Amino acid sequence: MMRTQMVGRLRAADVDSEVTLAGWVAARRDHGGVVFLDLRDASGIVQVVADPETLGDVVHRIGREWVLRVSGTVRPRPEGTVNADLPTGEVEVPVVSIEVLNESEPPPFPLSDRADDVDEVVRLRYRYLDLRRPAMQDNLRLRARVNAALREAMTKQDFVEVETPMLIASTPEGARDFVVPSRLSPGSFYALPQSPQLFKQLLMVGGLDRYFQIARCLRDEDLRADRQFEFMQYDAEMSFADADDVMAVVSEAVSSAIEAVTGKRPGLFGRMTWHDAQERFGSDKPDVRFAMELVDLGVIFAATEFRAFQAPAVKGICVAAQGEASRSTVDALVERAKKLGAAGLVWMRVREEGGTTVLEAPVAKFLSEPEKQGIVATLGAVPGDLVLIVAGERRVTNRVLGVLRLDLGKPVIGGDLAPLWLVDFPLFEAIGSDGRPIPAHHPFTMPHADDLDLLRGGDLLAVRSQAYDLVCSGWELGSGSVRIHQSELQQEIFSLLGISPEEAQDRFGFLLDAFRFGAPPHAGFAFGVDRLVALLAGEENIREVIAFPKTQSGSDPLTGAPSEIDAGQLAELGISLRPRAKGASR
RNA sequence: GGUCCUGUGGUGCAGUUUGGAGUGCACGCCGCCCUGUCAAGGCGGAGGCCGCGGGUUCAAAUCCCGUCAGGACCGCCA
C-alpha cells in the first residue's frame, strides 16, 4: 500500500494513528537540528517533522517538489505552534521512515497561490506544474462538478447522451472550419464540428426524443479571453417541445450546476425581451447585476430648440456619485462615445444650489428650464451624480450608452450570477447590401407564429424569431431556438435569404431529406461550458478553467503545436505546400 | 487584417519620462550556521544577449524603424 490516506483530512481526532503519506514537498523549513516539510497532495497540506539525526543527511537535501513517502504517528502540535491558517494545523506527523520516490529540479516559478501573477506563457510551458497549484486544482475540480451535475440533471430529465462524429462534412455556413485531409480520398477533407447542430436535429428525426451531449466544438476564428479554438458545449435538443419546455430543462440543468458549485440553488431565471434589453441596457447580453438603466428622454425634447437633441432618440444614463469626475475623465468618455459611433456625448454635473438641484454643463445654456428639470426628474438624478446623454439613431444611441454603462457600472462583487433568458429575438439582424436579410441566428430558426404575416408582408426586421439566449452576469452563455421542421416554411426562409433550392440541397441536403420523412417539431439549446465554469470560478478568462489551453495566437507553449509535418505525411495525404509568401521563418 | 499594452538573471518588479558603467529590490538557487518553524531565520555567493535585428549618437535597457512573442479589444465567432 502506497499510502494510508490523503494528507488534507488529518485532524486532531487522528492523533495517535499511524499513517503513511505520499506527496510533494510544498515547502521546507530547515532548522539544522529539525526540518519541517509541508507535504502536499491533491487534498491539501500537512506538516511533517523530520529529524536528521535519525533519518540521515538526506533530509537536508530534500527540495521543493520532491516526491516523498513518509510514515509516522500523528501527534498534536506542541503548545503555541498550532497553525490556524491550515485545516490540518492542529497536528503534525513526526517522520519515522522516509522514502524519496522522486527528486525534482527546482520549479521554474513559484507554485504557491500567493504568487499568482507569473507570465502566462511560462505557466503554459510548464502547465503540469501550474496544475499543482491549489487554485488550478480547484478550477478543474469545480469544472468536473459542473459536468457531473449537468449530466445528472439531464439524465434525470430523460435525456439520452449521444456522441456525434468529429470528422464531418464541411458546410460553408458560420465560422471558419478546421479541416482534416482525407488519406483515402486525396484532395478531400473532413471538417471538425463547429457544433453538433445538424446531427442533433437528425437525432430528433431519428426518434431519440430528448438528446444531450457535452460536446467538443471547434471553430477556426481568432481567440479571446472567452473564446478558444476548441471549447465544450452543453448541447440539447428535444422533440414535441416549445421554447418554454427547452428553457425549463436548461434552467434546471444550469441551476443544478450552480448548486453543485455554490451549494445554493438560484431562484427563477429572469426573462426579458430582446427589445427591452436593447432599450434598457443597450445590449443583447445585459449585465443586470447593477441598474444604471438607459432612460428615454425623447418626450422631454420632443420640441427642443437644441439642435443636437433633435434626433430620433435621446437617451441618458445617470452615473451615481461621479458628478465631480475630472474634466479629463469626462473628456475621455466623450471620446469613447464618438469612437463608438455617437455624434457626441452631452454630460452634466448634478449639483445642489440654494436647496434646488441644478445641472451644470457646457450645453446647459442651450436647454430650457423645464428640459433641465425633466432630465433630473426622469433620470432620478441627485446632487453628486453625472448625467450622460446621447442623441441620434436609436440603435447607435442604445449601443453607445450600453457600452458606457458597462464602463462605469460596478456589479456587486460576490453577488449572484443573475441568469437571464433573453427572448423574442429578431429573426433577421439587418438587411445586407444585396437587399437580402441576414439571419440573426441560423436559417433553421422558427419565426414567431404571430409574425408570419410580417414575414410575407414586408417589415422583415420586425419579425421575431422563436430564439432565446441565456445570459449570465453580462456573458452570453448560449442560445437556442425552435427549429423549422416543415420543408415549405424552410423553403420560404431560404428563398428570402437568397438561397436557391439547388444551393440549399447542396449545403444541407441531408437535413432537408431527413425532414421529408416526418420530422417532429423540435427545439434545442447549447451553451458554453467553459464560460459557465469560468463564471462560477470567478475567473475572467476561460484559459484558467481549461487544463491545456492555447494562447491568443493559437499556439500551445507546452507541446509546440501547431507544428510542421514531414514530407512523407504530406505525400500520403496528397498535399503539397506553397512556398512561404514572406521569407521563410524557420 | 487593425488598435492599444507588455517584454530587464529562474520568478515578480524598479530603472526607460530627461541617453552616461548591468545600478537596485523581493523571492528562488548554491554554500555555511541553526531543534519549533509556518513563504522559517542569519551570514556569504553565483546567476543578465535588458526578446531579436537595424539605425541615430562620442555613448542606447533608455530615442527611432523593423521584427518576434504574449495579452486586451475591434473585425471575425450563422
Side-chain angles (χ1 to χ4, degrees), chain A residues 26-38 45-54 59-61 63-65 75 77-86 88-89 92 94 105-126 129-130 171-177 194-195 197-198 217-229 231 336 339-341 403 407 425 427-430 432 437-445 465 467 476 479 481 493 497 499 507-508 526 528 540-541 543 550-555 557 582-583 585-586:
Chain A
R28 53 171 186 161
R29 294 175 289 280
D30 189 341
H31 291 232
V34 62
V35 179
F36 299 99
L37 299 170
D38 286 345
I45 279 176
V46 75
Q47 172 168 285
V48 303
V49 188
D51 181 355
E53 207 144 295
T54 58
V59 301
H60 291 307
R61 283 212 309 126
R64 280 160 212 272
E65 302 307 319
R75 73 183 179 200
R77 292 203 188 186
E79 189 83 22
T81 64
V82 166
N83 185 349
D85 296 331
L86 275 184
T88 61
E92 63 187 15
E105 291 180 19
F109 60 93
L111 300 191
S112 159
D113 278 340
R114 288 180 231 202
D116 201 21
D117 46 5
V118 175
D119 183 68
E120 206 179 334
V121 185
V122 177
R123 288 177 55 204
L124 293 180
R125 166 79 181 80
Y126 300 96
L129 295 180
D130 193 40
T171 55
E173 292 299 298
R176 192 176 297 115
D177 280 326
Q194 299 174 21
S195 85
Q197 179 65 37
L198 301 177
C217 303
L218 299 105
R219 294 178 189 175
D220 188 4
E221 299 291 349
D222 287 3
L223 292 74
R224 288 281 196 283
D226 62 351
R227 275 166 30 194
Q228 286 269 305
F229 281 154
F231 58 99
R336 178 111 167 107
K339 221 171 178 176
L340 290 165
V403 172
D407 285 350
F425 274 74
L427 189 63
F428 305 110
E429 66 177 23
I438 300 165
H441 199 52
H442 59 58
F444 314 113
T445 305
S465 72
E476 184 196 326
S479 61
S481 64
I493 298 288
L497 296 174
I499 302 174
R507 290 193 199 176
F508 323 106
E540 290 184 356
N541 195 308
R543 292 191 298 271
K550 307 247 183 312
T551 66
Q552 200 167 63
S553 59
S555 68
K582 295 183 272 187
S585 61
R586 267 181 279 196

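Please read these numbers as outputs of a predicted model, since none were measured by experiment. In what follows, every chain begins at residue 1, and chains take the letters A, B, ... in the order their sequences are listed.
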Chemist: Using a cut-off of under 3.5 Å, enumerate the N/O to N/O pairs linking the protein to nucleotides 74-76 of chain B.
Modeler:
from: B/C74; atom 1: OP2; to: A/Arg224; atom 2: NE; distance (Å): 3.4
from: B/G75; atom 1: N7; to: A/Arg224; atom 2: NH2; distance (Å): 2.9
from: B/G75; atom 1: O6; to: A/Asp222; atom 2: OD2; distance (Å): 3.4
from: B/G75; atom 1: O6; to: A/Arg224; atom 2: NH1; distance (Å): 2.9
from: B/G75; atom 1: O6; to: A/Arg224; atom 2: NH2; distance (Å): 2.9
from: B/G75; atom 1: N1; to: A/Asp222; atom 2: OD2; distance (Å): 2.6
from: B/G75; atom 1: N2; to: A/Asp222; atom 2: OD2; distance (Å): 3.4
from: B/C76; atom 1: O2'; to: A/Glu221; atom 2: OE1; distance (Å): 2.4
from: B/C76; atom 1: O2'; to: A/Glu221; atom 2: OE2; distance (Å): 3.3
from: B/C76; atom 1: O2; to: A/Arg227; atom 2: NH2; distance (Å): 3.0
from: B/C76; atom 1: N3; to: A/Arg227; atom 2: NH1; distance (Å): 3.1
from: B/C76; atom 1: N3; to: A/Arg227; atom 2: NH2; distance (Å): 2.9
from: B/C76; atom 1: N4; to: A/Arg227; atom 2: NH1; distance (Å): 3.3

Chemist: Applying side chain to side chain contact (heavy atoms under 4.5 Å, CB included), can you list everything that pairs with A/Ala440, at least two apart in sequence or on another chain?
Modeler: A/Glu429
Chemist: Mind calculating the distance between CG (A/Asp117) and P (B/U11) to the nearest angstrom?
Modeler: 13 Å
Chemist: Does the A/Gln228 side chain pair with the main chain of A/Lys550, one donor and one acceptor, at a distance under 3.5 Å?
Modeler: yes
Chemist: Heavy-atom nearest nucleotide on RNA chain B for A/Pro106 versus A/Phe36: which residue maps closer to 5'?
Modeler: A/Pro106
Chemist: Within the modelled atom types, does a donor on one side and an acceptor on the other bring the side chain of A/Arg123 and the base of B/G71 under 3.5 Å apart?
Modeler: no
Chemist: If you pin A/Glu429 and A/Ala27 to their nearest nucleotides in RNA chain B, which one's is more 5'?
Modeler: A/Ala27
Chemist: Could you check whether A/Arg29 pairs with A/Asp38 (Lys NZ or Arg NE/NH1/NH2 to Asp/Glu carboxylate O, under 4.0 Å)?
Modeler: yes
Chemist: Tell me which nucleotide, if any, is Watson-Crick or G-U wobble paired with B/G24 when both distances must be under 3.5 Å.
Modeler: B/C13
Chemist: What nucleotide among B/G71, B/G12, B/U37 has an atom nearest to a side-chain atom of A/Asn541?
Modeler: B/G71
Chemist: Could you tell me how far apart A/Arg75 (CZ) and B/G36 (P) are, to the nearest whole angstrom?
Modeler: 13 Å
Chemist: On the side chain of A/Arg28, is there an atom forming a donor-acceptor pair with the base of B/C38 - under 3.5 Å, no angle test?
Modeler: no
Chemist: May I ask you to say what A/Asp85 touches in the nucleic acid, namely base, sugar-phosphate or nothing, with a heavy-atom cut-off under 4.0 Å?
Modeler: nothing
Chemist: Taking side chain to side chain contact (heavy atoms under 4.5 Å, CB included) as the test, write out the residues that go with A/Val49, two or more places apart.
Modeler: A/Val34, A/Phe36, A/Gln47, A/Arg75, A/Glu92
